[in-house]
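One structure below.
Every chain is numbered from 1, with letters handed out A, B, ... down the list of sequences.
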There are 2 protein chains.
Amino acid sequence: MEKKKNTIVDVARKLNVSTSTVSRALNGHHSISERTKLKVRKVAAELNYSPNNVAASLRRGKVNSIGVILPRINSTFMSNCIFGIESVTYPAGYNLIISCSNEDYKKEVQSIAALKASQVSGIILSLSNETKKTAHLSNIISQNIPLVMFDRIAELLNVDSVVNDDTKITVQAIEHLHAMGFRKIAIFSSPTHIYVYKNRMKGYLEALSSLGLTLNHNWIIENIQTKEQAQHSAEILFKAKDKPDAVFCTSDTIALGVIQTLKKLGIQIPQEVGVIGYSNDTFSELIQPTLTSIEQYPQEMGVNAAKLMLDIIGDKNWSMQVHKQIHIKPRLIIRDSSNRLLTE
Amino acid sequence: MEKKKNTIVDVARKLNVSTSTVSRALNGHHSISERTKLKVRKVAAELNYSPNNVAASLRRGKVNSIGVILPRINSTFMSNCIFGIESVTYPAGYNLIISCSNEDYKKEVQSIAALKASQVSGIILSLSNETKKTAHLSNIISQNIPLVMFDRIAELLNVDSVVNDDTKITVQAIEHLHAMGFRKIAIFSSPTHIYVYKNRMKGYLEALSSLGLTLNHNWIIENIQTKEQAQHSAEILFKAKDKPDAVFCTSDTIALGVIQTLKKLGIQIPQEVGVIGYSNDTFSELIQPTLTSIEQYPQEMGVNAAKLMLDIIGDKNWSMQVHKQIHIKPRLIIRDSSNRLLTE
DNA sequence: CTGTTAGCGCGTTCAG
DNA sequence: CTGAACGCGCTAACAG
């Protein structure tokens, strides 16, 4: 019953060859005859032999796994990123060790340490909300462990990364609102110390300035993280005297909250107020009114982050000094919530 | 620059102690004085020493990772399951190696082999659509590698598992339709060779029989996998003479397709036709009409699958002969798409 | 409380 | 084309 697992020694013994021969045969070494390879494979299968990657990794000094640390795992955006990453790393023979920081700085630091201890070939990372220090990342870099960041990157750190052109697409979104006749545009944003939200805010401000729209500080709502917070802030804003006529939101969830509040207050969308979201979540084309949003191509982001990682791992002359940044171009998807032309 | 990583030997040398002392100190062994522990930790930090888990795992004969194989990774249901799993395995000190079978039998088999080679402590699995043979699983079991299945389990295999009471909740859903006055109830189902769909179909048939409703074979649509297929089949069904007055769908995506077709055909929901989905996807409460659906508590399923796994791993006298099955009770969430009382 | 010794399973020299 | 010998970094006996 409780027989021990067969090792390479068992296979070798049964064939009366050395373990080196078995090792080479199973790894497809060219200096082994086809006949021997066949025999070895046959016996290995008979014994239900499965190579011990732990031992192999120790010997090789190299592990076939890549670590991934994400702020969340159960969001449309992030799960599609993972999907993209996996589609590249799996065919390349890498395991994916996934860790979720839960937007918690401490857990992010611990996860980094755990992955480092596991000797992963590299780490793909998107920062948690709470991460403001980056010593844990500098540490990784100084140890020559390949690091690729995506979406929420650490701007000041010199690493390979995959990002959206958040600023540019936000400018485009605001221009679209302007073209639809909206002039009093508010923004509901998640915390702007985070790279992507900082850039969206930047785009908002740039667009307002270049379009000659007045900037009203009461219309800049930051630190919105949940639908409930969005509803709350929207209720206050739209009951005030000085109301905006459009809201640019840095996520679809926020936009959903805004829309729900506007409906509750009996405000017509988009006739009275236009709304734009961000991320193109599944529900955005299903709600009433359908939500104008920004497609970020998360799967593509994952694919590119993984490719970048494989490039680094495979590149013997990889220099810490040179870094690539891949820009994935997002797309503004215009739907009813901002489209006055449809209704007037 | 390219200095080699510090090992336990470097730490020991610097302190003029043995490697065992360092090892024990860092692992919190009780027979080491606090003073020594402190000194060791200090020097380890100075040298930026990070233990090599690969070597430790080889020595211990035990790896601190758990493998997870899922048919998909970017679905609300599955990503919430992962979230639940991670919330249990992380605090217990396990890495999560995630692999996506992409509903492909071959990839599932390969992933099993890869995880086995990685010496994972156990495997948590939900079957791919295409999996009909289970030799790869029997193999795992025969090697005493803990296996926990959830949701789409292999019924004939004797393993620990976490499931919903699909049959019972489906009966309840059909009874609800009956209570709302629907009598001609159709079913749109994904392939019924898969455990969960088989049970939903079973519940449908049981309920029809016990309620004394006539069973019309034209109203049993199987093998629906996508929204488009659902739309197509709904179009045919609702243009036919012999129309049902309600549709029970085995997923929200299918229900969405049905609803879209009904709207297109100008059929009133729920006045003329009632619709029920399955999974309680985010969009189900956001569409028009809001969709009656079944909450499966995916996060709970993940949590329980992970707990089951830790139990097995921790249990020295674990017997292959005894298996637990945890039932997560789903909940019928009644919304407008089936609720005639609201509208009549 | 600490040190010595041995070996986990494999891949890779170096010899033939 | 194949074998012998070594050691990757660590932990667990055993010994003091």
Side-chain angles (χ1 to χ4, degrees), chain A residues 3-41 43-44 47-65 93 114 116-121 143 145, chain B residues 3-41 43-44 47-65 93 114 116-121 143 145:
Chain A
K3 44 183 166 182
K4 264 177 60 189
K5 269 180 206 164
N6 283 323
T7 74
I8 202 169
V9 180
D10 301 304
V11 179
R13 197 144 39 201
K14 181 139 181 191
L15 281 161
N16 271 318
V17 296
S18 70
T19 57
S20 340
T21 301
V22 176
S23 170
R24 287 193 271 244
L26 293 174
N27 290 314
H29 200 282
H30 57 272
S31 75
I32 298 281
S33 70
E34 268 315 313
R35 217 172 64 87
T36 313
K37 281 184 185 168
L38 279 173
K39 276 199 310 191
V40 171
R41 276 196 280 260
V43 171
L47 295 179
N48 196 10
Y49 167 71
S50 163
N52 183 331
N53 269 346
V54 175
S57 296
L58 176 60
R59 182 58 242 259
R60 289 200 187 102
K62 195 182 162 306
V63 169
N64 63 334
S65 20
K116 193 176 152 190
S118 297
Q119 314 293 114
V120 291
S121 303
Q143 305 246 320
I145 298 174
Chain B
K3 44 183 164 180
K4 263 177 61 188
K5 271 179 206 165
N6 284 323
T7 72
I8 201 169
V9 180
D10 300 306
V11 179
R13 197 144 40 202
K14 182 139 182 190
L15 281 161
N16 271 319
V17 295
S18 71
T19 56
S20 340
T21 301
V22 176
S23 170
R24 286 191 274 243
L26 293 174
N27 290 313
H29 200 281
H30 58 273
S31 73
I32 299 280
S33 71
E34 268 314 314
R35 217 172 63 86
T36 313
K37 280 184 186 169
L38 278 172
K39 278 199 310 191
V40 171
R41 276 197 281 259
V43 171
L47 295 178
N48 196 8
Y49 166 72
S50 162
N52 183 330
N53 270 346
V54 175
S57 296
L58 177 60
R59 183 58 242 257
R60 290 199 188 105
K62 196 181 160 311
V63 169
N64 64 335
S65 21
K116 192 175 151 191
S118 296
Q119 314 295 113
V120 291
S121 304
Q143 306 245 319
I145 298 173

Distance (rounded to the nearest 0.5 Å) between B/Thr36 OG1 and B/His29 NE2: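 It comes to 13.5 Å.
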
Salt bridge (charged side-chain N to carboxylate O under 4.0 Å, His left out) with [X]: which residues, sequence neighbours excluded?
X	value
A/Lys14	A/Glu46
A/Lys39	none
B/Arg60	none

Roughly how many Å is it from [atom1] in [X] to [atom2] in [N], rounded to a whole number?
X	N	atom1	atom2	answer
B/Lys39	C/dC1	NZ	P	14 Å
B/Lys62	C/dG9	NZ	P	16 Å
A/Leu15	D/dT2	CG	P	11 Å
B/Ile8	C/dT5	CD1	C1'	15 Å
A/Arg35	D/dC1	CZ	C1'	12 Å
A/Arg60	C/dG9	CZ	C1'	12 Å

End axis versus end axis in the helix from C/dC1-D/dG16 to C/dG16-D/dC1, the angle rounded to 10°, five pairs used at each terminus: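 End-to-end axis angle for the helix from C/dC1-D/dG16 to C/dG16-D/dC1: 30°, rounded to 10°.
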
Shortest non-hydrogen contact between [X] and [Y], atoms and distance:
X	Y	value
A/Ser31	A/Arg24	OG-CD, 4.5 Å
A/Ser121	A/Lys62	OG-NZ, 4.1 Å
B/Ser118	A/Val54	O-CG2, 3.9 Å
B/Lys116	A/Ser50	CE-CB, 3.6 Å
B/Tyr49	B/Ile8	CE1-N, 3.4 Å

Going through the distances and angles, do A/Ser20 and A/Ser23 end up as a side chain to side chain donor-acceptor pair (under 3.5 Å)? CA-CA 5 Å; A/Ser20 340; A/Ser23 170; over 6 Å; no

After noting the C-alpha distance and the side-chain angles of B/Gln119 and A/Asn52, does the key distance pass the side chain to side chain contact (heavy atoms under 4.5 Å, CB included) rule? CA-CA 7 Å; B/Gln119 314 295 113; A/Asn52 183 331; 3.4 Å; yes

Sorted by number, the residues of residues 48-59 of chain A with heavy-atom contact under 4.0 Å to DNA chain D: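 A/Leu58, A/Arg59 - these, ordered by number, are the residues of the stretch whose heavy atoms sit under 4.0 Å from the strand.
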
Identify, residue by residue, the members of residues 17-34 of chain B with a heavy atom below 4.0 Å from DNA chain D, and return them in order of residue number, or none.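 The answer is B/Thr19, B/Ser20, B/Ser23, B/Arg24, B/Asn27.
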
